[in-house]
Amino acid sequence: MCIVIALLAPGQGAQKPGMLSPWLELDGVPERIAAWSAATGLDLRRLGTTADADEIKDTAITQPLVVAQSLVAFEVLRERIALPADTVLAGHSVGELAAAAMAGVLAADDAVALAAVRGAEMAAACDLEPTGMAAVMGGDPDEIADWLIEQDLVPANINGAGQIVAAGSKAALDRLAEQSRPGIKIITLKVAGAFHTRYMAPAEQALRERAKDIITGTVGDPTFTLLSNADGEPVSSGAEMLELLIAQLTKPVRWDECMATMARLGVTATAEMPPAGTLSGLVRRQLAGVATLPLKSPAEVDKVAALVAEHGGTQ
């Protein structure tokens, strides 16, 4: 059987207290985290080990912490195995920065630095007016999207597997929560504001203006198949991917399209970088027969190595 592997990088909301702890036991990881802490002005080691859930849900903290966690695990993975040339990479929201670094578009240092600025600017944009997000579970995706637009809300994350995340003003979200439809469940999310909507325009502008100063390395073209949240399609140009990464702050995340492309490319297994679990769950519900490996500790890297050995290919 031919094995086609996709490596996934989760976004905000996947963070867990203590998630960095097992990885810090590996050679070189404490030094890597210390360097990223100095670059971002955040104590990522403490935040990833002893900080509680309330502290690490802060957008300005969560985004660089999640990207750093994913990239640490990816670097451990690359030290142990050579990835097949047909490996597919995709990240959800801020996880796209990690995926871009994994694909060679950005240096890991630059991806973490961009995540820190992205998180801080998005947090600042959230403070401008009361907005939020809510998960809408069930129903026909097209009908739900139309319904949300009628309610003056944006289908900001179209995640597939029967899940759409609505975003907009708190008033509109309150009205939505008071409504009911057969088979529909609405869950208010504990986030700072309406991500991936027009409300994030100040953050997009700030990130665009600062990106050229943050990126110290070269922007390269992807060395693996890299999917974009914009439409789920592969991106072949590093410069185009960087533009998409910035523009995505105000555009919906089409994770459903990313999964559709994985199916089209014949993906048979996914390995989700830590903090893993969310994207693996969506894949299990949407892509029948695709094996999922959520990496939650260094020991699970060996399972990915076993898949690569079964594939028999190298980069």
Side-chain angles (χ1 to χ4, degrees), residues 6 8-15 57 59 62-63 66 90-96 99 122 125-126 130-201 204 227-233 244 247-264 270 272 277-288 290 292:
L8 312 180
Q12 187 166 345
Q15 71 278 359
K57 75 179 182 182
T59 300
T62 303
Q63 296 197 11
V66 166
H92 189 286
S93 190
V94 72
E96 278 201 296
M122 289 178 73
C126 291
T131 61
M133 305 181 85
V136 182
M137 316 291 289
D140 177 86
D142 292 335
E143 292 180 4
I144 294 298
D146 290 343
W147 178 47
L148 295 178
I149 292 170
E150 291 171 2
Q151 304 299 317
D152 198 26
L153 292 166
V154 176
N157 294 353
I158 304 177
N159 288 330
Q163 183 189 107
I164 293 179
V165 176
S169 70
K170 282 286 183 67
L173 288 167
D174 288 343
R175 290 194 298 271
L176 183 73
E178 294 171 357
Q179 300 184 44
S180 63
R181 284 191 170 194
I184 303 298
K185 184 177 182 180
I186 300 171
I187 304 171
T188 300
L189 301 181
K190 296 179 180 180
V191 297
F195 303 149
H196 300 290
T197 70
R198 63 178 178 82
Y199 294 101
M200 293 297 107
E204 179 186 338
L227 308 185
S228 168
N229 282 176
D231 56 8
E233 291 298 310
L244 288 169
Q248 199 66 51
L249 269 67
T250 56
K251 298 182 184 303
V253 171
R254 294 304 305 263
W255 187 250
D256 61 331
E257 297 290 357
C258 288
M259 291 195 292
T261 300
M262 290 180 214
R264 189 178 77 234
T270 64
E272 184 182 357
T278 302
L279 300 182
S280 296
L282 291 172
V283 169
R284 281 194 296 270
R285 292 194 292 274
Q286 186 73 23
L287 301 179
V290 173
T292 57

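Here CE of M137 is found 10.5 Å from CD1 of I164. Values are rounded to the nearest 0.5 Å. The distance from atom CG of L176 to atom CH2 of W147, rounded to the nearest 0.5 Å, is 4.5 Å. Within the model, atoms OG1 of T250 and CE of M200 stand 10.0 Å from one another, a figure rounded to the nearest 0.5 Å. With rounding to the nearest 0.5 angstrom, the CE atom of M133 is 7.0 Å from the CZ atom of F195. Atom-to-atom distance recorded for L282:CG and C258:SG is 11.0 Å, nearest 0.5 angstrom.
With sequence neighbours excluded, the residues that form a salt bridge (Lys or Arg N to Asp or Glu O under 4.0 Å) with K57 are D54. In this structure T292 satisfies the side-chain contact (heavy atoms from CB on, under 4.5 Å) test together with T270, S280, V283, R284, sequence neighbours excluded. Contacts of K190 classified as side-chain contact (heavy atoms from CB on, under 4.5 Å), with partners at least two apart in sequence or in another chain: none. Every residue two or more places apart in sequence or in another chain was checked for a side chain to side chain donor-acceptor pair (under 3.5 Å) with Q15, and none qualifies. Take E143 and apply the salt bridge (Lys or Arg N to Asp or Glu O under 4.0 Å) test, not counting sequence neighbours, and it matches no residue. With sequence neighbours excluded, no residue forms a side chain to side chain donor-acceptor pair (under 3.5 Å) with Q248. In terms of the side-chain contact (heavy atoms from CB on, under 4.5 Å) criterion, D146 has no residue partners (sequence neighbours excluded). For T131, the side-chain contact (heavy atoms from CB on, under 4.5 Å) partners are E129, A194, Y199, not counting sequence neighbours. Under the side chain to side chain donor-acceptor pair (under 3.5 Å) criterion, Q12 pairs with T59, Q63, not counting sequence neighbours.
Within the structure, salt bridge (charged side-chain N to carboxylate O under 4.0 Å, His left out) pairs that include any residue of residues 158-181 do not occur (at least two apart or interchain). Each salt bridge (charged side-chain N to carboxylate O under 4.0 Å, His left out) pair with one or both residues in residues 249-259, not counting sequence neighbours, appears once here: R254-D256, R254-E257.
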Tell me which donor-acceptor pairs under 3.5 Å the side chains of residues 154-163 have, and how far apart each pair is, sequence neighbours excluded?
unit_1: N159; atom_1: OD1; unit_2: H92; atom_2: NE2; d: 2.9
unit_1: N159; atom_1: ND2; unit_2: Q163; atom_2: OE1; d: 2.6

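Considering all non-hydrogen atoms of both residues, A9 and G95 come closest at CB-O, 3.3 Å. Looking at every heavy atom in both residues, S228 comes nearest to L244 through OG-CD1, 3.7 Å. Here the shortest heavy-atom pairing between G11 and V66 reads O-CG1, 4.1 Å. Listed here is the closest heavy atom pair of L227 and A90: CB-CB, 4.2 Å. Scanning all heavy atoms of the two residues, the minimum distance from I144 to G138 falls at CG1-O, 3.6 Å. The minimum heavy-atom distance between A134 and I186, with the atom names listed, is CB-CG2, 4.1 Å.
Ion pairing between R264 and E233 holds under the 4.0 Å rule for side-chain N and carboxylate O.
Between W255 and L8, some side-chain heavy-atom pair lies under the 4.5 Å cut-off.
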